[in-house]
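Data block below; observations after.
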Amino acid sequence: MEFDEKASKYIPLTEATYYILISLTAPLHGYGIMQKVEEFSKGRVNLGPGTLYGALSKLDKEGLIIQSENDDSDRRKNYIITELGKTVIKFEVRRLRELADVGEMVINEIGG
Amino acid sequence: MGRIKRVFKILFVWQDEEEEEWLREMSKKGWLLKSYNVLFYTFERHEPEDYIYRLDYKSSLMSDFYEYLKLFDDAGWEYVTRYFGWIYFRIPAKNCKTTHIYTDTQSKVEKYRGLLKVLTIILTAECFLGISLFLDRMKSNYSPIYNFRNLFSNWDVISSLMIVVITLLTYAVVKIVQKINNLKQDLR
(Lines give C-alpha, C1' and ligand atoms only; values in the text may rest on other atoms or scores of the structure.)
Protein backbone atom coordinates (compact mmCIF):
# COMPACT_ATOMS: atom_id res chain seq x y z
CA MET A 1 0.00 0.00 0.00
CA GLU A 2 1.44 3.37 -0.96
CA PHE A 3 0.62 4.68 2.52
CA ASP A 4 3.35 2.56 4.07
CA GLU A 5 6.26 4.55 2.73
CA LYS A 6 4.56 7.84 3.52
CA ALA A 7 3.53 6.67 7.00
CA SER A 8 7.00 5.59 8.07
CA LYS A 9 8.22 9.17 7.67
CA TYR A 10 6.23 10.13 10.77
CA ILE A 11 7.71 7.51 13.09
CA PRO A 12 8.60 7.95 15.92
CA LEU A 13 5.84 10.14 17.30
CA THR A 14 6.06 12.33 20.37
CA GLU A 15 3.87 11.17 23.25
CA ALA A 16 1.53 14.11 22.76
CA THR A 17 1.10 13.43 19.03
CA TYR A 18 0.63 9.70 19.59
CA TYR A 19 -2.08 10.20 22.18
CA ILE A 20 -3.86 12.86 20.13
CA LEU A 21 -3.91 10.59 17.07
CA ILE A 22 -5.32 7.57 18.89
CA SER A 23 -7.99 9.65 20.60
CA LEU A 24 -9.32 10.75 17.22
CA THR A 25 -10.74 7.44 15.98
CA ALA A 26 -14.10 9.14 16.57
CA PRO A 27 -14.68 12.87 15.92
CA LEU A 28 -13.64 15.05 18.82
CA HIS A 29 -12.90 18.70 19.46
CA GLY A 30 -10.13 20.25 21.55
CA TYR A 31 -11.56 19.80 25.01
CA GLY A 32 -12.72 16.28 24.23
CA ILE A 33 -9.23 15.39 23.03
CA MET A 34 -7.66 16.73 26.24
CA GLN A 35 -10.03 14.67 28.36
CA LYS A 36 -9.57 11.48 26.34
CA VAL A 37 -5.79 11.74 26.41
CA GLU A 38 -5.89 12.22 30.18
CA GLU A 39 -8.14 9.18 30.44
CA PHE A 40 -5.97 7.01 28.17
CA SER A 41 -2.79 7.90 30.04
CA LYS A 42 -4.45 7.59 33.47
CA GLY A 43 -3.68 11.20 34.25
CA ARG A 44 -0.02 11.03 33.32
CA VAL A 45 -0.21 13.02 30.09
CA ASN A 46 -1.85 16.44 30.31
CA LEU A 47 -1.87 18.49 27.13
CA GLY A 48 -1.35 22.22 27.29
CA PRO A 49 -3.54 24.21 24.85
CA GLY A 50 -0.48 25.56 23.00
CA THR A 51 0.86 22.07 22.47
CA LEU A 52 -2.57 20.77 21.43
CA TYR A 53 -3.13 23.56 18.93
CA GLY A 54 0.30 23.08 17.38
CA ALA A 55 -0.10 19.32 17.13
CA LEU A 56 -3.60 19.54 15.61
CA SER A 57 -2.43 22.10 13.02
CA LYS A 58 0.53 19.95 12.06
CA LEU A 59 -1.41 16.67 11.92
CA ASP A 60 -4.10 18.35 9.81
CA LYS A 61 -1.51 19.85 7.45
CA GLU A 62 0.23 16.47 7.06
CA GLY A 63 -3.04 14.70 6.36
CA LEU A 64 -3.01 12.42 9.41
CA ILE A 65 -6.24 13.95 10.69
CA ILE A 66 -9.01 15.85 8.98
CA GLN A 67 -11.75 18.20 10.08
CA SER A 68 -15.06 16.44 10.28
CA GLU A 69 -18.45 18.07 9.82
CA ASN A 70 -19.64 20.18 12.73
CA ASP A 71 -22.90 19.02 14.20
CA ASP A 72 -22.77 21.73 16.84
CA SER A 73 -23.13 25.34 15.85
CA ASP A 74 -20.40 26.54 18.20
CA ARG A 75 -16.99 27.52 16.93
CA ARG A 76 -15.29 24.26 17.88
CA LYS A 77 -13.47 22.32 15.21
CA ASN A 78 -13.96 18.56 15.24
CA TYR A 79 -11.18 16.37 13.97
CA ILE A 80 -11.00 12.70 12.99
CA ILE A 81 -8.14 10.40 12.03
CA THR A 82 -7.53 9.62 8.33
CA GLU A 83 -6.47 6.34 6.69
CA LEU A 84 -2.91 7.64 6.61
CA GLY A 85 -3.17 8.46 10.30
CA LYS A 86 -4.39 4.95 11.07
CA THR A 87 -1.42 3.47 9.18
CA VAL A 88 0.95 5.67 11.17
CA ILE A 89 -0.60 4.43 14.41
CA LYS A 90 -0.20 0.81 13.35
CA PHE A 91 3.47 1.39 12.58
CA GLU A 92 4.05 3.21 15.83
CA VAL A 93 2.33 0.55 17.95
CA ARG A 94 4.45 -2.09 16.21
CA ARG A 95 7.59 -0.11 17.02
CA LEU A 96 6.58 0.40 20.65
CA ARG A 97 5.71 -3.26 21.03
CA GLU A 98 9.12 -4.25 19.70
CA LEU A 99 10.78 -1.93 22.20
CA ALA A 100 8.64 -3.17 25.08
CA ASP A 101 9.07 -6.86 24.23
CA VAL A 102 12.84 -6.69 24.00
CA GLY A 103 13.00 -4.55 27.13
CA GLU A 104 10.87 -6.94 29.11
CA MET A 105 13.00 -9.87 28.01
CA VAL A 106 16.14 -8.12 29.23
CA ILE A 107 14.53 -7.10 32.52
CA ASN A 108 13.54 -10.72 33.14
CA GLU A 109 17.10 -11.83 32.47
CA ILE A 110 18.55 -9.34 34.91
CA GLY A 111 15.87 -10.31 37.44
CA GLY A 112 14.02 -6.99 37.57
CA MET B 1 -14.24 48.92 36.32
CA GLY B 2 -11.62 49.06 39.05
CA ARG B 3 -8.67 51.37 39.53
CA ILE B 4 -6.20 51.49 36.67
CA LYS B 5 -2.45 51.99 36.86
CA ARG B 6 0.23 52.17 34.20
CA VAL B 7 3.62 50.67 34.83
CA PHE B 8 6.71 51.45 32.80
CA LYS B 9 8.95 48.41 32.38
CA ILE B 10 11.50 47.40 29.78
CA LEU B 11 11.36 43.73 28.93
CA PHE B 12 13.05 42.52 25.81
CA VAL B 13 11.76 39.95 23.39
CA TRP B 14 13.98 37.25 24.90
CA GLN B 15 12.66 37.94 28.39
CA ASP B 16 9.20 36.46 27.96
CA GLU B 17 9.67 34.10 30.92
CA GLU B 18 10.72 37.01 33.16
CA GLU B 19 7.65 38.87 31.97
CA GLU B 20 5.43 35.91 32.87
CA GLU B 21 6.91 35.77 36.37
CA TRP B 22 6.57 39.52 36.88
CA LEU B 23 2.91 39.55 35.77
CA ARG B 24 2.29 36.69 38.21
CA GLU B 25 3.83 38.67 41.06
CA MET B 26 1.67 41.66 40.15
CA SER B 27 -1.46 39.51 40.31
CA LYS B 28 -0.50 38.36 43.81
CA LYS B 29 -0.35 42.03 44.79
CA GLY B 30 -3.83 42.60 43.33
CA TRP B 31 -3.05 43.95 39.85
CA LEU B 32 -4.29 42.17 36.75
CA LEU B 33 -2.94 42.97 33.29
CA LYS B 34 -5.37 44.78 31.04
CA SER B 35 -3.19 45.64 28.03
CA TYR B 36 0.32 46.41 26.86
CA ASN B 37 1.58 49.13 24.56
CA VAL B 38 5.30 49.76 23.90
CA LEU B 39 6.93 49.72 27.36
CA PHE B 40 3.72 50.56 29.28
CA TYR B 41 1.71 47.86 31.00
CA THR B 42 -1.83 48.79 32.01
CA PHE B 43 -3.11 47.03 35.13
CA GLU B 44 -6.53 46.91 36.74
CA ARG B 45 -7.10 46.61 40.48
CA HIS B 46 -8.38 43.22 41.62
CA GLU B 47 -8.41 41.03 44.67
CA PRO B 48 -4.93 39.66 45.24
CA GLU B 49 -4.85 36.21 43.66
CA ASP B 50 -2.15 34.00 42.25
CA TYR B 51 -2.52 33.99 38.47
CA ILE B 52 -0.11 32.19 36.16
CA TYR B 53 0.58 34.15 32.99
CA ARG B 54 1.87 32.58 29.77
CA LEU B 55 2.82 34.31 26.54
CA ASP B 56 2.36 32.57 23.23
CA TYR B 57 3.90 33.82 20.02
CA LYS B 58 2.34 33.42 16.59
CA SER B 59 4.38 34.70 13.68
CA SER B 60 1.56 34.91 11.17
CA LEU B 61 -2.06 36.04 11.13
CA MET B 62 -4.18 33.08 12.05
CA SER B 63 -7.27 32.32 10.01
CA ASP B 64 -8.55 30.20 12.89
CA PHE B 65 -7.84 32.61 15.73
CA TYR B 66 -11.22 32.03 17.35
CA GLU B 67 -10.80 28.25 17.33
CA TYR B 68 -7.33 28.77 18.80
CA LEU B 69 -8.77 30.91 21.61
CA LYS B 70 -11.53 28.35 22.20
CA LEU B 71 -8.92 25.65 22.85
CA PHE B 72 -7.35 27.80 25.54
CA ASP B 73 -10.71 28.74 26.97
CA ASP B 74 -11.69 25.06 27.17
CA ALA B 75 -8.56 24.39 29.19
CA GLY B 76 -9.39 27.24 31.57
CA TRP B 77 -6.93 29.83 30.22
CA GLU B 78 -8.29 33.37 29.94
CA TYR B 79 -7.27 35.47 26.93
CA VAL B 80 -5.95 38.80 28.21
CA THR B 81 -4.61 40.81 25.29
CA ARG B 82 -2.31 40.67 22.30
CA TYR B 83 0.61 42.75 21.11
CA PHE B 84 1.98 42.13 17.61
CA GLY B 85 2.63 38.38 17.56
CA TRP B 86 2.42 38.01 21.35
CA ILE B 87 -0.74 36.57 22.87
CA TYR B 88 -1.24 36.84 26.65
CA PHE B 89 -3.08 34.21 28.66
CA ARG B 90 -3.65 33.75 32.38
CA ILE B 91 -5.21 31.18 34.70
CA PRO B 92 -5.72 31.11 38.48
CA ALA B 93 -2.89 28.96 39.77
CA LYS B 94 -5.30 26.90 41.84
CA ASN B 95 -7.39 26.02 38.75
CA CYS B 96 -4.76 24.99 36.27
CA LYS B 97 -4.34 21.42 35.06
CA THR B 98 -0.98 22.27 33.51
CA THR B 99 1.17 25.19 34.61
CA HIS B 100 2.21 25.89 31.07
CA ILE B 101 0.44 26.25 27.76
CA TYR B 102 3.19 24.14 26.23
CA THR B 103 3.55 20.73 27.83
CA ASP B 104 6.14 19.25 25.54
CA THR B 105 9.49 20.58 24.42
CA GLN B 106 8.92 20.16 20.69
CA SER B 107 5.94 22.53 20.62
CA LYS B 108 7.79 25.05 22.79
CA VAL B 109 10.65 25.01 20.28
CA GLU B 110 8.15 25.72 17.50
CA LYS B 111 6.98 28.85 19.32
CA TYR B 112 10.51 30.26 19.52
CA ARG B 113 11.20 29.20 15.91
CA GLY B 114 8.33 31.40 14.78
CA LEU B 115 9.74 34.30 16.77
CA LEU B 116 13.23 33.71 15.40
CA LYS B 117 11.90 33.77 11.85
CA VAL B 118 10.30 37.19 12.34
CA LEU B 119 13.37 38.61 14.13
CA THR B 120 15.65 37.41 11.35
CA ILE B 121 13.48 39.01 8.67
CA ILE B 122 13.43 42.34 10.55
CA LEU B 123 17.19 42.18 11.17
CA THR B 124 17.86 41.52 7.48
CA ALA B 125 15.65 44.45 6.46
CA GLU B 126 17.42 46.71 8.99
CA CYS B 127 20.81 45.62 7.66
CA PHE B 128 19.81 46.57 4.12
CA LEU B 129 18.48 49.90 5.39
CA GLY B 130 21.67 50.40 7.36
CA ILE B 131 23.87 49.70 4.38
CA SER B 132 22.00 52.14 2.18
CA LEU B 133 22.01 54.72 4.99
CA PHE B 134 25.75 54.45 5.58
CA LEU B 135 26.51 54.45 1.86
CA ASP B 136 24.53 57.65 1.63
CA ARG B 137 26.45 59.14 4.56
CA MET B 138 29.73 58.22 2.93
CA LYS B 139 29.03 60.58 0.08
CA SER B 140 29.91 64.26 0.18
CA ASN B 141 28.79 67.31 -1.78
CA TYR B 142 32.21 67.60 -3.38
CA SER B 143 32.77 64.16 -4.85
CA PRO B 144 30.68 61.13 -5.80
CA ILE B 145 33.23 58.74 -4.31
CA TYR B 146 32.31 56.83 -1.13
CA ASN B 147 34.55 57.79 1.75
CA PHE B 148 34.66 56.57 5.34
CA ARG B 149 35.75 59.96 6.57
CA ASN B 150 32.50 61.39 5.24
CA LEU B 151 30.62 58.76 7.18
CA PHE B 152 32.10 60.00 10.44
CA SER B 153 31.80 63.69 9.67
CA ASN B 154 28.20 63.11 8.61
CA TRP B 155 27.42 61.09 11.69
CA ASP B 156 24.05 61.96 13.23
CA VAL B 157 21.32 60.68 15.49
CA ILE B 158 19.88 58.48 12.74
CA SER B 159 23.23 56.78 12.25
CA SER B 160 23.50 56.09 15.99
CA LEU B 161 19.94 54.85 16.11
CA MET B 162 20.66 52.46 13.27
CA ILE B 163 23.63 50.99 15.13
CA VAL B 164 21.57 50.58 18.30
CA VAL B 165 18.66 48.92 16.50
CA ILE B 166 20.88 46.49 14.59
CA THR B 167 22.82 45.62 17.76
CA LEU B 168 19.64 44.97 19.76
CA LEU B 169 18.12 42.86 17.00
CA THR B 170 21.32 40.84 16.61
CA TYR B 171 21.46 40.26 20.35
CA ALA B 172 17.81 39.20 20.34
CA VAL B 173 18.45 36.69 17.55
CA VAL B 174 21.42 35.26 19.46
CA LYS B 175 19.43 34.93 22.70
CA ILE B 176 16.50 33.20 20.98
CA VAL B 177 18.84 30.79 19.15
CA GLN B 178 20.39 30.00 22.56
CA LYS B 179 16.96 29.40 24.01
CA ILE B 180 16.05 27.02 21.22
CA ASN B 181 19.31 25.11 21.57
CA ASN B 182 18.85 24.79 25.32
CA LEU B 183 15.38 23.37 24.78
CA LYS B 184 16.66 20.96 22.14
CA GLN B 185 19.14 19.58 24.68
CA ASP B 186 16.14 18.22 26.56
CA LEU B 187 14.93 16.37 23.50
CA ARG B 188 17.82 13.97 23.11
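Lettering follows sequence order; numbering is per chain, from 1.
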*Is chain A contacted by the side chain of B:T103, its backbone, both, or neither, given a heavy-atom distance below 4.5 Å?*
both
*chain B heavy atoms under 4.5 Å from A:E38: which part of the residue, side chain, backbone, both or neither?*
side chain
_Plane angle bin for B:F134 and B:W155 - parallel if under 30°, tilted between 30 and 60°, otherwise perpendicular_ = parallel
*Please check if B:F8 and B:M26 belong to a single hydrophobic cluster, counting links between Ile, Leu, Val, Met, Phe, Trp and Tyr side chain heavy atoms closer than 4.5 Å.*
yes
*Who among B:L71, B:D56, B:T99, B:T105 has the most heavy-atom pairs with chain A under 4.5 Å?*
B:L71
*asked:* Walk me through whether B:Y171 and B:W14 qualify under ring-ring contact (aromatic ring centres under 6.0 Å, His included).
replied: CA-CA 9 Å; B:Y171 190 69; B:W14 61 86; 4.9 Å; yes
*asked:* Around atom CZ of B:F65, are there more than 12 heavy atoms from other residues, nucleotides or ligands closer than 6.0 Å?
replied: yes
